[in-house]
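Naming convention: chains lettered A, B, ... in sequence-line order (proteins, then strands); numbering from 1 in each chain. Quick note: numbers below take in every heavy atom, side chains included, and nothing from hydrogens, waters or symmetry partners.
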Amino acid sequence: MTIRTLRDHGQHYRPRMACLKKVEAFVVEMQDPKSGVKASDQKLNITSIPHVITGQDILAWIVTKMKVTTEEAQAFGTMLVAYGYIYPLQNHRKLVLVADSTLYRFQTPYFWPVQKWPAEDIDYAIYLAKRNIRKKGMLEPYEQEHYNNLHKWMNYKWDFIVMQATEQYKASKERKKPDRVVLDCQERAYWIVHRPPRRTHSGMDYGLDRLIDPNAEENIFLTQALMRSAVKSSVSLTAFVKYVTTHHTHDPLLTNPVPSNPWITDNDEFWQLNMRNVDIPTKLSVERWALSFWELISDQRGRADFKLFLKKEHSGENMAFYEAAEEMRWGAATAIPEKSQFIFNTFLKPGAPRWINIDGRTMGLTVKGLDCPHRYVLDAAQTHIFLLMKKDTFYRYLKSPVYKDMQKKALVPAPHNFTDAQLEANAKNRNPGISPIVLWQQQEAEKAAAAVAARPIDVKAMVATNKLDRK
Amino acid sequence: FSGSFGEVYQTFHLSIYMSSNNKFSISPEMATQEVQPNETLSNLKAESDTLKTKLEDERAKLHDVELHQVAEKVDGLGQFIMKTRRTLKGHGNKVLCMDWCKDKRRIVSSSQDGKVIVWDAFTTNKEHAVTMPCTWVMACAYAPSGCAVACGGLDNKCSVYPLSLDKNENLAAKKKSVAMHTNYLSACSFTNSDMQILTSSGDGTCALWDVESGQLLQSFHGHAADVLCLDLAPSETGNTFISGGCDKKANVWDMRSGQCIQSFETHESDINSVRYYPSGDAFASGSDDATCRLYDLRADREVAIYSKESIIFGASSVDFSLSGRLLFGGYNDYTINVWDVLKGTRVSILFGHENRVSALRVSPDGTAFCSGSWDHTLRVWA
């Protein structure tokens, strides 16, 4: 359904265009004869190569120019090599900046990745064919593989390719030796970046192509956006700050969790103390339940405690209805008619065993909607019940003996203080824990048992099976 | 709706679902408005520009304070040290995506060579491995129950694999094909149960699917280019999700009606990753323009830009810490930057990966975060 435009080769590099333009500016500055990186001539296998720079000089220049740490400069320098702006002279497959006397050269702008023509397969074929002629078949294994593939599917053009390769070879022979060596190095560096061998991390290896459709219709949307109401910045931003501040102590990456962060000490007691069915929860958890109703019911242990409170208040049907509605909303499509029937019989019909108390209008709409049940049919009723619990029941829960009792009983585990030897031992004996599949099966079994227990007692059936003693 | 709601047409073409209690529906007149002959492209563009300016003016009236001003009273974070605590080696090619299990220690990851691996990151043991019939598995997700994983990529589909306690069982045998798009699958996520999956694709759409039947429940049209990422709202109403695409837009969608209810276009390049703020009232995005941005949903505007002159390469993946104070961003220059969300400053930069960081998620209880990279490894940091 997306209209696909013809592949525009400028657009072909679009995902990376922004960063490449910035990098280009840097590279130009680096080559400035006065303020750029110090360059010198180096002897390499008889020939003398001009304008050679060392890794450490590059690093030092970046640190000064960008005002960053050595490590960041290292990362940026590696990017320069990975994108092919600088190429290493010796270990030409490793596209990393090594901060010592390793030699590099600047790539000629002709071969920069920011150019608007892509590295086409036909150019690669010509290059490989040319190499073949020169070194008489001395291609590296990965290049040989590419060559064989290209030969197969570009076979119809092969005469043209060989002709081009021969022409280029003849032209290069007429150049002076030092120029030829430099040009060969540059071309080889270009192709390593654009057709990287297996273990090379090249910046031009960017993944899949992305397409774009420029003819989007926006005006209807903008008109709607104008009609929408928005909140003042001071109000919403203050809310963010408040959220962050209240949750600061609960964030394990900001406040060390007690007894310890399992990933750091290799001891998983923290997770065991916070499991769903633990008897006594930790103080931190209990405090977190008080932050908001949503936090309370998001924590399974908290939800269990809340349900206990509701049982004492004899208003357990609210939570049960909420859970049943959630199950319907997120459940399988085929289960919807059955679930809606069950919910109607249990919670909504007049005289239902767990009848929920919602206003007449909502009840009317919901019951009517249940004629043609869909997954969102209970939304109005569910929101009503949720808000009821959030605004009223929740606050009574916080003041109740159930919660206060839990606050007193809650554990404050002592922080771990492992010696190095103990840490090593922990690392060797990491607890494999219980598979989530097993935990899920346990949970489902508990739910089924609870559903059976919650069903209204059928007196006649009990009499029939002689369970009820008629005296 | 024509007839009962149950008649959902499995179609990939533009359909407008009208709901009776949906505040944001497009009126029938607007939806079927024909383009008049004198409405040239330039007229439409001019109208679009005037509307945009008007919208910006309206929003600016409500913008009475900046985030870092409100955050002045908050304490600074001080020195922040995080290290690699686990390195997961086993993928034979670029790691493209990862997701945590709700048990806070298991992870599913997918890679370019078609392999999907389920790890117990705490012990670093591999628990399950599946070989997909396609390469470039760009999306993977762990089911809320912990009993299944979903994945997809170049096969244009999203498939669900139920996991088994039997190590020798061939998981591919029970595979269930759920979603079908007309281009690559870029991201997928289970909703609050194992029974529904939300997907985004290179065909420019997002879609909600019923796992059991493979039925398309709702489709979301509005992006003008590939949709690259999505995230479900953590809020109590749980009805919305966000998506980011190559058209530089981040859209907020209503899952019930399929409508786009909010849209933000301030990035200068593709949006690679979107993630909700823990409270559900804001979200962050990471883009190829080398910035991460924070958008306030209630004020309907961008409220912070996380960038530095020395950060030039795109951010591929972002996530918040549990309190929302920290924003972790994985970048294409092989580094991970840690930002102070409130103050807008960079707290720390983490090195270690040897190729671009492609996936980054904080664990469900916030004790650590995991980064997946094109260097074939995953790292857990704490």
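Only the side chain of A/Q441 has a heavy atom closer than 4.5 Å to any heavy atom of chain B. Proximity to chain B (any heavy atom under 4.5 Å) is restricted, for A/A82, to the side chain, taken from C-beta onward. For chain A, the nearby part of B/I349 is the side chain; its heavy atoms alone come within less than 4.5 Å. Within the 4.5 angstrom heavy-atom criterion, atoms from both the backbone and the side chain of B/F313 approach chain A. For A/S234, the parts lying under 4.5 angstrom from a heavy atom of chain B are both the backbone and the side chain. A/F26 touches chain B through its side chain: at least one heavy atom from C-beta onward sits under 4.5 Å away, while N, CA, C and O do not. For B/L96, no part sits under 4.5 Å from any heavy atom of chain A, backbone or side chain. Contacts of A/I336 with chain B are absent, with no heavy-atom separation under 4.5 Å from either backbone or side chain. A/R276 does not touch chain B: none of its heavy atoms, backbone or side chain, sits under 4.5 Å away. Interface remark: A/L254 contributes side-chain atoms only to the contact with chain B (heavy atom separation under 4.5 Å).
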Residue pair B/S358, B/K94: steps toward the side chain to side chain contact (heavy atoms under 4.5 Å, CB included) verdict
CA-CA 9 Å; B/S358 52; B/K94 306 179 172 76; over 6 Å; no

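Residues B/R59 and B/D300 are paired through a salt bridge, judged by an N-O separation under 4.0 Å between the basic side chain and the carboxylate. Salt-bridge annotation for A/D379 and B/R256: present, with a side-chain N of the basic residue lying under 4.0 Å from a carboxylate O of the acidic one. A salt bridge does not link A/D268 with B/K104: none of the charged nitrogens is closer than 4.0 Å to a carboxylate oxygen. The pair B/D120-B/R105 meets the salt-bridge criterion, since a charged nitrogen lies less than 4.0 angstrom from a carboxylate oxygen. A salt bridge is absent between A/K21 and A/E24: the closest approach of a Lys/Arg side-chain nitrogen to an acidic carboxylate oxygen does not fall below 4.0 angstrom. Under a 4.0 Å N-O distance rule, the pair B/D296/B/R301 does not qualify as a salt bridge.
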